[in-house]
Amino acid sequence: MTLARRGVLAWLFVCSIAALAWAGDSPFREPAMLVRPSPVNRSQFQIAAGDKVVDFDVWSSGPEAAILVRAANGPHKVLLWEIGTAEARDAQFDIPQDFQPRSLACHPAKRTIYLS
């Protein structure tokens, strides 16, 4: 292969990569989000007696945690806790009785919780 042909192929490769990077619809084109610092003061809340924390995650957009809890009487629920407060609130969605979630994840850019 000649040096000129190699140069042309390299130029085409670079142009192809650049075109992909500047393509209109891309899952990598999320707007930059503002990440707030951790609270200065330590905080905690108490879960109900007999309940067990299965997993938790914290949103990067603010001091709020989603906590997967197995209640003492069996069903699972998700609590939302604004770090710095003394209470958590119920996430207000039902987890089917036959589903036994083991992990929870918060989407980094949206208000979405994933259970598996």
query: Between D57 and C106, is there a donor-acceptor pair closer than 3.5 Å when you use the side chain of the first and the backbone of the second?
result: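 Between the backbone of C106 and the side chain of D57 there is a qualifying donor-acceptor contact (under 3.5 Å).
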- prompt: For the residue pair I113 and A66, what are the closest heavy atoms and their distance?
  reply: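 That closest heavy-atom pairing would be CD1-CB, 4.0 Å.
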field: Nearest non-hydrogen partners of P101 and L115, listed with the distance
entry: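 Smallest interatomic distance, heavy atoms only, reads CB-CB, 4.3 Å.
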Salt bridge (Lys or Arg N to Asp or Glu O under 4.0 Å) involving D51 - partner list, sequence neighbours excluded: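 Scan of D51 (salt bridge (Lys or Arg N to Asp or Glu O under 4.0 Å), adjacent residues dropped) gives K77.
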field: With sequence neighbours excluded, residues passing salt bridge (Lys or Arg N to Asp or Glu O under 4.0 Å) with R42
entry: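 With neighbours one apart ignored, the set is empty.
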query: Can I47 be reached from I67 by stepping across I, L, V, M, F, W or Y side chains whose heavy atoms are under 4.5 Å apart?
result: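 Yes, I67 connects to I47 through the hydrophobic network.
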- prompt: Does one hydrophobic cluster hold both F45 and V53, with members joined at side-chain heavy-atom distances below 4.5 Å?
  reply: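 Yes.
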- request: Take atom CG of D94 as the centre, draw a 6.0 Å sphere, and report whether it contains more than 12 heavy atoms from other residues, nucleotides or ligands.
  value: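 Count not over threshold, so no.
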Under 3.5 Å, which donor-acceptor pairs do the side chains of residues 78-89 form with other protein atoms, sequence neighbours left out?
from: W81; atom 1: NE1; to: T85; atom 2: O; distance (Å): 2.9
from: T85; atom 1: OG1; to: E82; atom 2: O; distance (Å): 2.7
from: T85; atom 1: OG1; to: E87; atom 2: O; distance (Å): 3.2
from: R89; atom 1: NH2; to: E64; atom 2: OE2; distance (Å): 3.1

- prompt: Which residues pass the ring-ring contact (aromatic ring centres under 6.0 Å, His included) test with Y114, sequence neighbours left out?
  reply: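 Checked Y114 against ring-ring contact (aromatic ring centres under 6.0 Å, His included); zero matches.
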Pairing residues for S103 by the side chain to side chain donor-acceptor pair (under 3.5 Å) criterion, not counting sequence neighbours: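 Testing S103 for side chain to side chain donor-acceptor pair (under 3.5 Å), a comparison that skips the adjacent residues, returns S116.
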field: Residue pairs passing the ring pair (Phe, Tyr, Trp, His ring centres under 6.0 Å) test where at least one lies in residues 50-78, sequence neighbours excluded
entry: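 Counting only pairs at least two positions apart or across chains, no ring pair (Phe, Tyr, Trp, His ring centres under 6.0 Å) contact touches residues 50-78.
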field: Rounded distance (nearest 0.5 Å) linking atom CG of L68 with atom NZ of K52
entry: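 It is 10.5 Å, given to the nearest 0.5 Å.
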